[in-house]
Every structure is written in C-alpha cells, then in structure tokens.
Amino acid sequence: TRIWTIFEQWKATQAGIPVRVIMPPAAHATMIEQIDRGAEGIEKILEPIRTISSAEAQATVETDRVRISEAIARSEADHRTVDLRVRTGLTRWIGTAVSAHMSEIISKCTDGEVFARTDKEAHASVVKEQDEGPDGQQEAGPKEEEAAAIEAPGRNPAQEREEM
C-alpha cells in the first residue's frame with residue numbers, strides 16, 4: 001500500500017470530496033467480472049480495501065513516509081481512524097460501481113429479461129414459462145422439484161422422496 005495514496009484519499013474525505021477511482025480498462029473489466037459473480041466477487045474486490053494500513057504503508061522516498069506519518073500523528077486522527085475513513089470512502093465508491101453496473105444491466109432488459117443470460121438462466125426461464133399460463137396461473141408441466149432437478153444435474157427429486 002502506498003502512503004501517498006492513503007494520505008490523499010484521507011484528505012479528500014476530510015474535505016468532503018467524494019472519492020472516484022479511475023481504472024485502466026483491463027482492471028475495470030476485471031472488477032465488472034467480479035461484480036457479476038455476486039457477493040463472492042464483491043467480497044474479493046473488498047479484500048484489499050480491508051487491509052489498508054497507513055501505519056505500514058510505504059513510500060518511494062522514506063522521508064515522505066515519515067512526514068506523512070507525522071502529519072497523521074499531529075492531526076485529530078490516528079492511523080486507525082485514517083484507515084477507516086479511507087476504507088469507507090473506497091467501499092462507497094465500490095457501491096457506486098456496483099449500482100452503475102446494475103443500472104447498465106437493467107437498461108439492457110426487455111419485458112423483464114436480460115439479453116445476455118447464461119444457458120442455465122435461459123433454461124430456468126423456459127421452464128418457468130412452460131409452467132405458467134398466460135394469466136400467470138400454474139399449468140400442467142414439470143413440478144417445481146423436477147424443474148430444480150433439471151437445473152441441478154445429478155439431483156433426483158423422485159429418489160429423494162422415496163428415501164424420506
């Protein structure tokens with residue numbers, strides 16, 4: 001972790017300036033891939049943010065590191081407070097990125113369906129459409145357990161019922 005980066009972000013939060021991170025296209029694409037993975041991916045994005053430590057941060061020039069650490073010590077905050085403020089600002093920025101990505105996905109929707117779906121999602125949608133009639137009522141078709149078995153290979157609901 002670089003102490004100048006932490007210091008600048010801390011000063012921005014002190015001044016009430018929202019933190020906005022500009023990323024190279026490849027890093028941004030990787031972040032979007034992680035967001036698309038859901039909670040697990042978002043946790044992976046947050047991992048390095050949780051390890052931010054101004055007390056252990058480095059600088060190319062050692063005197064810079066010392067001066068910034070001394071500036072933190074002279075302020076109303078300690079290293080722990082600085083770290084918390086920086087983590088909070090970056091976490092809020094991640095929330096904004098997730099929200100922006102969700103808005104983009106929603107803007108690509110038609111009739112409640114996303115164009116870019118996985119085969120499993122497309123299959124689940126077809127099963128749902130087969131089960132429901134035009135008025136949304138359940139029609140004859142695979143039972144919910146059987147539909148789940150189609151989506152979860154290797155699972156046999158009929159056999160599970162017999163085993164109960």
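Worth saying up front: this structure is predicted, and the values here are computed from it rather than measured. All residue numbers in this chain count up from 1 along the given sequence.
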**Study point:** Salt bridge present between R67 and E70 (N-O < 4.0 angstrom)
**Key:** no
Practice item. Starting at CD1 of I68, measure out to CH2 of W4 and round the result to the nearest 0.5 Å. Key: 4.0 Å
Practice item. List the atom of S53, the atom of D83, and the distance in Å for their closest heavy-atom pair. Key: CA-OD2, 3.5 Å
Review point. Is there side-chain contact between I6 and R2, with at least one heavy-atom pair below 4.5 Å?
Key: no
Check your understanding: More than 12 heavy atoms of other residues, nucleotides or ligands under 6.0 Å from CD of E62: is that the case?
Key -> yes
**Study point:** For the student: nearest non-hydrogen atoms of I3 and S54, plus distance
**Key:** CD1-O, 3.6 Å
Study note, to complete from the structure: Contacts satisfying ring-ring contact (aromatic ring centres under 6.0 Å, His included) that involve residues 32-71 (not counting sequence neighbours) are none
Exercise for review: Please name the residue in the list V98, I45, L46 that meets the side-chain contact (heavy atoms from CB on, under 4.5 Å) test with Q34.
Suggested key: I45
Check your understanding: Got a sec, which residues hit side chain to side chain donor-acceptor pair (under 3.5 Å) with W93, two or more places apart in sequence or on another chain?
Key -> none
Practice item. Starting at CE of M102, measure out to OG of S107 and round the result to the nearest 0.5 Å. Key: 11.0 Å
Exercise for review: Indicate, with yes or no, if F7 and V66 share a hydrophobic cluster defined by side-chain heavy-atom contacts under 4.5 Å among Ile, Leu, Val, Met, Phe, Trp and Tyr.
Suggested key: no
Practice item. Using a 4.5 Å cut-off on heavy atoms from C-beta on, say whether the side chain of I72 contacts that of W10. Key: yes
Exercise for review: To the nearest 0.5 Å, tell me how far T5 OG1 sits from Q58 CD.
Suggested key: 12.5 Å
Revision key, fill the gap. Quick note, ring-ring contact (aromatic ring centres under 6.0 Å, His included) partners involving residues 38-58, not counting sequence neighbours, are none
Revision key, fill the gap. Note: A55 and H79 closest approach over all heavy atoms is N-ND1, 3.3 Å
Point to revise | Close side-chain approach of V21 and I94, heavy atoms under 4.5 Å | key: no
**Study point:** E56 atom CD, over 12 foreign heavy atoms within 6.0 Å
**Key:** no
Point to revise | Minimum-distance pair of heavy atoms, taken over all atoms of E76 and Q14 | key: OE2-NE2, 3.1 Å
**Study point:** Salt-bridge contact R37-E43 (side-chain N to carboxylate O under 4.0 Å)
**Key:** no
**Study point:** H101 atom NE2, over 12 foreign heavy atoms within 6.0 Å
**Key:** yes
Point to revise | Backbone N/O of P48 and side chain of T51: donor-acceptor pair under 3.5 Å | key: yes
Check your understanding: More than 12 non-hydrogen atoms from neighbouring residues, nucleotides or ligands closer than 6.0 Å to CZ on R80, yes or no?
Key -> no
**Study point:** Gap separating the CD atom of E47 from the CD1 atom of I42, nearest 0.5 angstrom
**Key:** 13.0 Å
Study note, to complete from the structure: dist R87:CZ -> Q9:CD (nearest 0.5 Å) comes out at 12.0 Å
Exercise for review: Would you indicate whether the side-chain heavy atoms of R50 and I52 approach each other to under 4.5 Å?
Suggested key: no
Revision key, fill the gap. Interatomic distance, CG@L84 vs OG1@T13, rounded to 0.5 Å, equals 9.5 Å
